[in-house]
Amino acid sequence: MIDALGGAQSVLVLGGGSEIALATVRKLIEGRCRTVTLAGRDIEALERSGKELEAAGASSVDVVAFDALDYASHDGFIRDLVAQHSDFDLVILAFGVLGDQDLAETDGAEARRIVGSNFTGAVSVLVPLVGALKEQGHGTVVVLSSVAGERARKSNFVYGSSKAGLDAFCQGLGDSLVGTGVRIVVVRPGFVHTKMTEGLDAAPLSTDADTVADAIIAGLGRGSETIWVPAPLRIVMSVLRHVPRPVFRRLPL
Ligand SMILES: NC(=O)c1ccc[n+]([C@@H]2O[C@H](COP(=O)([O-])OP(=O)(O)OC[C@H]3O[C@@H](n4cnc5c(N)ncnc54)[C@H](OP(=O)(O)O)[C@@H]3O)[C@@H](O)[C@H]2O)c1
């Protein structure tokens with residue numbers, strides 16, 4: 001179970017190579033977390049991360065193959081995981097791709113890869129995952145959304161719309177789960193310096209993976225449903241959300 005400090009004993013990461021997720025798991029290991037499962041595509045990289053987590057104090061780290069785009073595998077993936085593990089206190093849904101916006105505007109395959117990973121892939125695995133957590137009677141799912149989903153901007157609307165869909169799905173899902181013991185926590189970071197944003201010009205109020213991890217741990221401890229990182233982005237986005245379209249499309253965003 002999650003304690004008042006955001007601690008969890010067993011954690012599953014979907015998109016186990018995510019720098020934000022790994023920073024969060026390292027901090028959870030400083031607390032009560034002992035059992036970690038990293039699920040993702042690059043098994044060798046996940047095994048390297050697993051060794052680092054064990055050196056940091058995790059008692060066991062499992063690595064399992066998971067591809068968010070392989071929708072047909074998701075039901076069986078969750079069924080097998082549940083059969084092999086006693087339970088998961090916390091799941092971090094961290095996989096995602098920024099993609100190539102320019103390419104996606106003319107190439108359906110790139111647009112499908114972005115939306116298919118960030119939205120359809122997430123929905124596809126969340127449905128059986130939440131079913132399993134309801135069966136065990138408890139569990140918290142931390143979902144990495146983005147401020148980009150608050151209002152799609154012309155320079156990034158394929159990624160932004162995929163996160164908007166994910167965010168909306170998770171808000172409704174979270175509300176539907178009240179009383180079940182299962183909780184959904186939506187995290188909305190701004191620009192974070194990780195391998196996803198490498199080489200890009202940093203946006204205002206940019207942060208790093210450790211800062212997002214600290215905000216996630218603090219939010220879990222507070223029982224938050226939505227976590228903005230950094231917190232002032234909530235105010236910034238509530239203003240931007242109401243800017244009229246003809247003005248918004250001229251902003252250098
Ligand atoms: N960095 C930011 O500025 C920022 C801001 C807001 C929200 N976010 C969100 O935060 C989450 C984590 O991002 P991050 O910054 O930690 O980036 P990251 O280090 O690049 O992590 C993204 C992870 O997603 C995995 N992934 C991508 N497609 C996948 C698929 N089809 N199946 C399984 N795994 C897949 C990648 O695995 P591979 O190694 O196999 O590619 C990678 O480990 C993402 O959802 C991102 O959209 C990031």
Side-chain angles (χ1 to χ4, degrees), residues 12-27 37-50 63-74 77-78 91-101 109-110 112-126 129 141-153 155-156 158-167 169-170 185-213 215-216 226-230 233-234 236-237:
L12 163 66
V13 184
L14 300 172
S18 149
E19 288 185 33
I20 293 173
L22 287 170
T24 307
V25 172
R26 277 194 289 274
K27 289 178 194 294
T37 303
L38 300 178
R41 298 184 294 193
D42 186 343
I43 298 297
E44 279 180 18
L46 295 181
E47 280 170 349
R48 279 195 299 279
S49 298
V63 168
V64 290
F66 169 76
D67 185 344
L69 287 167
D70 185 4
Y71 314 136
S73 70
H74 292 170
F77 166 78
I78 294 294
V91 181
I92 305 176
L93 191 153
F95 60 81
V97 292
L98 195 52
D100 182 331
Q101 168 71 28
E110 177 64 358
R112 283 192 295 278
R113 186 179 76 90
I114 299 169
V115 177
S117 306
N118 299 347
F119 179 54
T120 313
V123 170
S124 171
V125 74
L126 275 168
L129 170 69
V141 187
V142 169
V143 178
L144 270 299
S145 176
S146 170
V147 294
E150 270 291 288
R151 186 162 188 186
R153 44 199 170 96
S155 61
N156 195 19
V158 181
Y159 175 80
S161 63
S162 71
K163 289 296 188 180
L166 173 66
D167 201 295
F169 181 86
C170 289
V185 178
V186 172
V187 184
R188 295 183 185 144
F191 187 105
V192 188
H193 291 277
T194 65
K195 59 183 186 291
M196 178 175 277
T197 52
E198 213 172 326
L200 300 179
D201 292 336
L205 298 175
S206 64
T207 57
D208 57 21
D210 269 337
T211 305
V212 181
I216 291 173
T226 311
I227 301 170
W228 296 81
V229 198
L233 274 176
R234 185 172 75 83
V236 173
M237 292 313 297

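Just so you know, ligand 1 is whichever comes first in the structure, and atom 1 is the first atom listed for that ligand.
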May I ask whether Gly190 places a heavy atom under 4.0 Å from ligand 1? yes
Nearest non-hydrogen protein atom to atom 18 (P) of ligand 1, with distance, is Lys195 NZ, 3.8 Å
Would you say Ser73's side chain and Asp70's backbone share a donor-acceptor pair under 3.5 angstrom? yes
To the nearest 0.1 Å, how far is atom 48 (C) of ligand 1 from its closest protein heavy atom, and which atom is that? Met196 SD, 3.9 Å
Do the side chain of Lys163 and the main chain of Glu150 share a donor and acceptor less than 3.5 angstrom apart? no
Using distance alone, decide if ligand 1 has a nitrogen or oxygen within less than 3.5 Å of any nitrogen or oxygen in Ser18. yes
Any N or O of Gly96 closer than 3.5 Å to N or O of ligand 1: yes
Can you confirm whether Val125 sits close enough to Ile78 that some side-chain heavy atom of one is under 4.5 Å from a side-chain heavy atom of the other? yes
Has Thr197 got a side-chain atom pairing as donor or acceptor with Val192's backbone, closer than 3.5 angstrom? yes
Which atoms from ligand 1 have a heavy atom of Pro189 less than 4.0 Å away? 6 (C), 7 (C)
Please indicate, with yes or no, if any protein heavy atom is found under 4.0 Å from atom 39 (O) of ligand 1? no
Just how far is it from atom OG of Ser162 to atom CZ of Phe119, taken to the nearest 0.5 Å? 9.0 Å
Side chain Tyr71, main chain Gly116, donor-acceptor under 3.5 Å: yes
Relative to each other, are the rings of Phe66 and Phe95 parallel, tilted or perpendicular (30° and 60° limits)? tilted
Does Lys163 have a heavy atom less than 4.0 Å from any atom of ligand 1? yes
Geometry only, no angles: is Ala68 polar-contacting ligand 1 at N/O separations under 3.5 Å? yes
Checking the side chain of Glu19 only, and the main-chain atoms of Lys195 only, is there a donor and an acceptor separated by less than 3.5 Å? yes
Indicate, as side chain, backbone, both or neither, the part of Thr197 found under 4.0 angstrom from ligand 1 when only non-hydrogen atoms are considered. side chain
Assess whether atom CZ of Arg151 is packed by more than 12 heavy atoms of other residues, nucleotides or ligands within 6.0 Å. yes
Is there a donor-acceptor pair under 3.5 Å between the side chain of Gln101 and the backbone N or O of Val158? yes
For a side-chain contact (heavy atoms from CB on, under 4.5 Å) with Leu12, tell me which candidate from Ile92, Leu93, Thr37 qualifies. Thr37
Selection from Val192, Thr24, Val13, Asp67 by shortest heavy-atom distance to atom 3 (O) of ligand 1: Val192
If we ignore hydrogens and angles and just use 3.5 Å, is the side chain of His74 paired with the main-chain N or O of Asp67 as donor and acceptor? yes
Where does Ile20 meet ligand 1, judged by heavy-atom distances below 4.0 Å: at the side chain, the backbone, both, or neither? both
Can you pull out the closest protein heavy atom to atom 28 (N) of ligand 1? Residue, atom name and distance to 0.1 Å, please. Arg41 NH2, 3.3 Å
Looking at Val97, which atoms of ligand 1 are within less than 4.0 Å of one of its heavy atoms? 27 (C), 28 (N)
For Phe66, atoms of ligand 1 separated by under 4.0 Å from a heavy atom: 32 (N), 33 (C)
List ligand 1 atoms under 4.0 Å from Leu69, heavy atoms only on the residue side. 31 (N)
Under 4.0 Å from a heavy atom of Thr194: give me the atoms of ligand 1 that qualify, with their elements. 1 (N), 14 (P), 15 (O), 17 (O)
Minimum-distance protein heavy atom relative to atom 8 (N) of ligand 1: Tyr159 OH, 3.6 Å
Test of understanding: given a 4.0 Å heavy-atom threshold, classify the contact between Phe95 and ligand 1 as side chain, backbone, both, or neither. both
For atom 7 (C) of ligand 1, find the nearest protein heavy atom and state the residue, atom name and distance (0.1 Å precision). Ser145 O, 3.1 Å
Here the atoms of ligand 1 under 4.0 Å from any heavy atom belonging to Ser146 are 6 (C), 7 (C)
Test item: Ile20 and Val187 side chains (from C-beta on) under 4.5 Å apart, heavy atoms: no
Taking only heavy atoms of Phe191 into account, list the atoms of ligand 1 that are under 4.0 Å away from them. 3 (O)
Test item, Ala94 contacting ligand 1 (heavy atom, 4.0 angstrom): yes
Do the side chains of Leu22 and Val13 get nearer than 4.5 Å, heavy atoms only? no
